Amino acid sequence: MERLKARRDFLNTARGAKWAAPGLVLQARRRPKSLSSSEPLANSETPASDVPARIGFTVTKKVGKAHVRNRVKRRLRAAATEILPLGAKPGYDYVLIGRAGTITRAYCDLKTDLLTALSRVHSKKNHTRRSKPPSDSSSTGSVTASQKQG
RNA sequence: UCAGGUGGCUGGAUGGCUGCUGUUCCCAGCAAUGGGGGCAGAGGAAAGUCCGGGCUCCACGGAAAUACGGUGCCGGGUAACGCCCGGCGAGGGCGACCUCAGGGAAAGUGCCACAGAAAGCAAACCGCCUGGGCUUCGGCCAAGGUAAGGGUGAAAGGGUGCGGUAAGAGCGCACCGCCAUUCCGGUAACGGAGUGGGCAGGGUAAACCCCACCGGGAGCAAAACCGAAUAGGGAUGACAGGGGGCGGCAACGUCACCAGAUCUGUUUUCGGAUCGUCGUCCGGGUUGGUUGCAGGAGGCGUUCGGCGACGGGCGUCCCAGAUGAAUGGUCAUCGGCUCGGGCGUUCGCGUCCGGGUACACAGAACCCGGCUUACAGGCCACCUGACUUA
RNA sequence: GGCCACGUGGCGGAGUGGUUACGCAGCGGAUUGCAAAUCCGUGCACCCCAGUUCGAUUCUGGGCGUGGCCU
């Protein structure tokens, strides 16, 4: 699977849908054609379904020192190569963010975390983060939030 | 047996499934490429970036000097070092052994708060003593000699003891310390012995400073090469703006009109500056790619020289090379750690059963020599002290 | 990866070898019918560990943390 390498792609993906599991955080976004930077071949004639999904990893310094971050990235990469061919959609960019609990979480739980995060992200794929949150949050909370914004 | 000291080593193991990077071989293919196999793949600190080099670029006549920074007992090792080895001195420990930025304070300057009479040049607050004067006989006054005692302080101008004296004082003597000098040992730092001097010269140089030695600056994101698309720069060639009317399907032709936009000086009048489209060429070089980039002050073994650091000879081996960054993920068994229980015990622990487990510190990024810091557990060698037994 | 700078109350921010200013914030009081403003008073600090020194926030060494630059 192709990897995300440029900082611009990571920032674009962070504007998409997001789901936080106990073991990881998943961000996903359908790739716009004009912003596909690292692929000069992807012109407008190829449909989006032929463009493969891409995956990137982010582990910040808050998680730990260098060898801890390496280990977190390896576990996320192993889980992604197992799970993403089952649940990833073509034309999407995915970013997996490691957390402090990634290194201690059991591997099967990590895989279920990734599966639920994929389904959650795809269920709210039409909404960006700026729009109203989906029906998970209670109605009173959304009302107060809208009142505060007003 | 217990308690220590020094030096060195190690840093979980095996297997199954499934991945990554480099390299090589085989097969298919014109090629691009695809499939399969073999081999190699993190550390003692890879860390901190604190020193020293290699290498690259810049500056420069070889270089030297000023400023600045660093180092600082002596001798050796090394490419070099602030590192290492051996020795010396001082301090600590019963000892094995450990620690030390360990040159110069009689070249100069500064500082030593508070307290204290006095903080650096010698002086005298309370005191002590002598003779004199006055006296209400309690003492007081001025002169002189002292620095033993008190008090302050981190520090008060050698220390202890004896003699000595009106009281005292290196005033005299003994020992210790200090200074100068001679001889001996040592390459030297330094040590030992003798003689002389009654003793001057407080501390601070991780305060300025003096002396000796070292240092041109920046760093592989250095540097070299290849090199698009877009925007922008330079040269050159061609065309020159806007809306309207008329003719024409359109391209375009023609007619008159307006001279444009931005910034700015100025009260205004009035000025000043910049700005178009297309083609070709040149130069620069952002994403990216290649080199730099792993055969090196290399590792291992052996032998010789040396107390040692280390050096010489011989043999043998090629041993990570990623770039959003590979060297793994997961499962099982064993091992380790830990918890609970049973048994034994020389009370240190051993063994059996069951449970848990995150399994020390920590991830190469151009390379090398050091230093510093972090580190569960385990192993080896030598040495010291105490106790017991023979 | 490489190269630098800085750590002082809750916050900002001076300072120097000898018990650390100042401002805002906090607390208490005065003033006011009640508040604000004003005035008075008060508490809270030199990142950590060693060394030099009689004495370290300062000087030196080592850690830890924060920030910046090169791309």
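None of these values were measured; they are calculated from a predicted model. Naming: A, B, ... by sequence-line order, numbering from 1 per chain.
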Undergrad: Specify the residue among A:V59 and A:R71 whose closest nucleotide of RNA chain B lies further upstream toward the 5′ end.
TA: A:V59

Undergrad: Strictly distance-based, threshold 3.5 Å: is any side-chain N or O of A:D113 a donor or acceptor partner for the main-chain N or O of A:G23?
TA: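 At least one qualifying donor-acceptor pair exists.
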
Undergrad: Once you round it to whole Å, what is the distance between P of B:G328 and CD of A:E82?
TA: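 Going from CD in A:E82 over to P in B:G328 covers 18 Å.
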
Undergrad: Between B:G324, B:G328, B:A364, which nucleotide gets closest to the side-chain atoms of A:R3?
TA: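 Nearest nucleotide to the side chain: B:G324.
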
Undergrad: Distance check, P atoms only: C:U58 and C:G68, in whole angstrom units.
TA: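 Roughly 27 Å separates the two P atoms.
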
Undergrad: Searching all strands shown, indicate the nucleotide that pairs with B:G4 (Watson-Crick or G-U wobble; both distances under 3.5 Å).
TA: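 WC or wobble partner is B:C383.
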
Undergrad: As a quick check of understanding, evaluate side chain to side chain contact (heavy atoms under 4.5 Å, CB included) for A:L114 and A:L96, giving each step before the final call.
TA: CA-CA 9 Å; A:L114 183 53; A:L96 281 172; 3.7 Å; yes

Undergrad: Atom CG in A:L4, atom CG in A:D93: separation rounded to 0.5 Å?
TA: 5.0 Å

Undergrad: Reading nucleotides 63-71 of chain C 5' to 3', which nucleotides get B (base under 4.0 Å from a protein heavy atom), which S (sugar-phosphate only), which -?
TA: ---------

Undergrad: Drop me the distance from A:I103's CD1 to A:L110's CG, to the nearest 0.5 angstrom.
TA: 11.0 Å

Undergrad: Partner of C:U71 by Watson-Crick or G-U wobble geometry, both contacts under 3.5 Å, or none?
TA: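 For C:U71, the partner nucleotide comes out as none, under the 3.5 Å rule.
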
Undergrad: Once you apply a heavy-atom cut-off of 4.0 Å, does A:R75 come out as touching a base, just sugar-phosphate, or nothing?
TA: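 It contacts sugar-phosphate atoms only.
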
Undergrad: Using the P atom as the reference point in each nucleotide, state the distance between B:A386 and B:A155 in Å, no decimals.
TA: 39 Å

Undergrad: Taking the C1' atom of each, how far is B:G321 from B:G41, in whole Å?
TA: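 Straight-line distance between the two C1' atoms is 9 Å.
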
Undergrad: How would you label the glycosidic angle of B:A42: syn (within 90° of 0) or anti?
TA: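 It is syn.
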
Undergrad: Using whole Å, what does the distance between atom C1' of nucleotide B:C359 and atom CD1 of A:I103 come to?
TA: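 Checked: the CD1 to C1' distance equals 13 Å.
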
Undergrad: Taking any heavy-atom pair under 4.0 Å as a contact, classify A:T58: base, sugar-phosphate, or nothing.
TA: base

Undergrad: Give the minimum heavy-atom separation between A:S119 and A:T116, together with the two atoms involved.
TA: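 So the minimum-distance heavy-atom pair works out to OG-O, 2.8 Å.
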
Undergrad: Within this structure, what is the CD1-to-C1' distance between A:I83 and B:G329, rounded to whole angstrom?
TA: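 Rounded to whole Å, this separation is 13 Å.
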
Undergrad: So, is B:G44 syn or anti if syn means the angle is within 90° of 0?
TA: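 Here the answer is syn: the torsion falls within 90° of 0.
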
Undergrad: With P as the reference atom in both, quote the distance from B:U23 to B:G7 in angstrom, rounded to an integer.
TA: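 Roughly 46 Å separates the two P atoms.
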
Undergrad: For B:G138, does the O4'-C1'-N9-C4 (purine) or O4'-C1'-N1-C2 (pyrimidine) torsion place it in syn, i.e. within 90° of 0, or in anti?
TA: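 This nucleotide is in syn.
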
Undergrad: Consider the side chain of A:A66, meaning its heavy atoms from C-beta on, and name the nucleotide among B:G329, B:G324, B:G363 that approaches it most closely.
TA: B:G363

Undergrad: For residues A:F57 and A:A80, report the shortest heavy-atom separation together with the two atoms involved.
TA: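 Minimum heavy-atom contact is CZ-CB, 4.1 Å.
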
Undergrad: Which part of the nucleic acid, if any, lies within contact of A:L4, taking any heavy atom under 4.0 Å across all strands shown: a base, the sugar-phosphate backbone alone, or nothing?
TA: sugar-phosphate

Undergrad: When the P atoms of B:U372 and B:C100 are considered, how many whole Å apart are they?
TA: 10 Å

Undergrad: Just how far, in rounded Å, is P of B:G19 from NZ of A:K111?
TA: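 Interatomic distance, NZ of A:K111 to P of B:G19: 14 Å.
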
Undergrad: Of all heavy-atom pairs between A:I97 and A:L76, which one has the smallest distance, and what is that distance?
TA: C-CD1, 4.2 Å

Undergrad: Does B:G324 have a Watson-Crick or wobble partner in any strand here, with both distances under 3.5 angstrom, and which is it?
TA: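 Result: none.
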
Undergrad: For atom C1', what is the distance between B:C2 and B:G76, given to the nearest Å?
TA: 43 Å

Undergrad: Tell me the interatomic distance from A:L76, atom CG, to B:U330, atom C1', rounded to whole angstroms.
TA: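 After rounding, the gap between these two atoms is 15 Å.
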
Undergrad: For B:U327, does either OP1 or OP2 sit under 4.0 Å from a side-chain N or O belonging to A:R74?
TA: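 It does, given that an N or O in the side chain of A:R74 lies less than 4.0 Å from OP1 or OP2 of B:U327.
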
Undergrad: Watson-Crick or G-U wobble partner for B:C239, using a 3.5 Å limit on both distances?
TA: B:G276

Undergrad: Return the 5'-most residue of the pair A:N70, A:Y107 with respect to RNA chain B, ranking by each residue's nearest nucleotide.
TA: A:Y107

Undergrad: Just confirming the chi classification of B:A63, syn or anti, using 90° around 0 as the syn window.
TA: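 Anti.
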
Undergrad: May I ask you to verify if any side-chain N or O of A:H67 is less than 4.0 angstrom from the OP1 or OP2 atom of B:G363?
TA: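 A:H67 to B:G363 OP1/OP2: side-chain N or O found under 4.0 Å.
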
Undergrad: Going by ring centres under 5.5 Å and near-parallel planes (under 30°), is A:F57 stacked on B:G324?
TA: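 A stacking contact does not exist, since A:F57 is not both close and nearly parallel to the base ring of B:G324.
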
Undergrad: Shortest non-hydrogen contact from A:K89 to A:A53?
TA: O-CB, 3.5 Å

Undergrad: Expressed as a whole number of angstroms, how long is the span from A:D109:CG to B:G329:C1'?
TA: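 Answer to the nearest Å: 16 Å.
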
Undergrad: What's the gap between B:G301 and B:C9 when it is taken at their P atoms, as a whole Å value?
TA: 12 Å

Undergrad: Give me the atom names and distance for the closest heavy-atom approach of A:R69 to A:T60.
TA: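 Smallest heavy-atom distance, with atoms named: CD-O, 3.3 Å.
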
Undergrad: Applying a 3.5 Å limit to both distances, which nucleotide forms a Watson-Crick or G-U wobble pair with B:G138?
TA: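 For B:G138, the partner nucleotide comes out as none, under the 3.5 Å rule.
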
Undergrad: So which nucleotide does B:U316 pair with, by the Watson-Crick or G-U wobble rule with both distances under 3.5 Å?
TA: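 Checking every strand shown, B:U316 finds its partner in B:G299, with both distances under 3.5 Å.
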
Undergrad: With a 3.5 Å limit on both atom pairs, tell me what C:G55 is paired to, counting Watson-Crick and G-U wobble, or say none.
TA: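 When the pairing criteria are applied, nothing turns out to pair with C:G55, so the answer is none.
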
Undergrad: Check every atom of B:G363, B:U330, B:A325 against the side chain of A:R77 and return the nucleotide holding the closest atom.
TA: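 Of the candidates, B:A325 comes closest.
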
Undergrad: Measure across A:A28 and A:Y92 and return the closest heavy-atom pair with its distance rounded to 0.1 Å.
TA: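 Scanning both residues, the minimum pair turns out to be CB-CD2, 4.4 Å.
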
Undergrad: Suppose we define a pair by two distances each less than 3.5 Å, Watson-Crick or G-U wobble; what does B:U269 pair with here?
TA: none

Undergrad: Please report the interatomic distance CZ(A:R77) to CG(A:N70), rounded to the nearest 0.5 Å.
TA: 8.5 Å

Undergrad: Taking the P atom in each of B:G43 and B:U333, what is the distance between them to the nearest angstrom?
TA: 29 Å

Undergrad: Need the glycosidic conformation of B:C319: syn if within 90° of 0, anti if not. Which one?
TA: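 Classified syn.
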
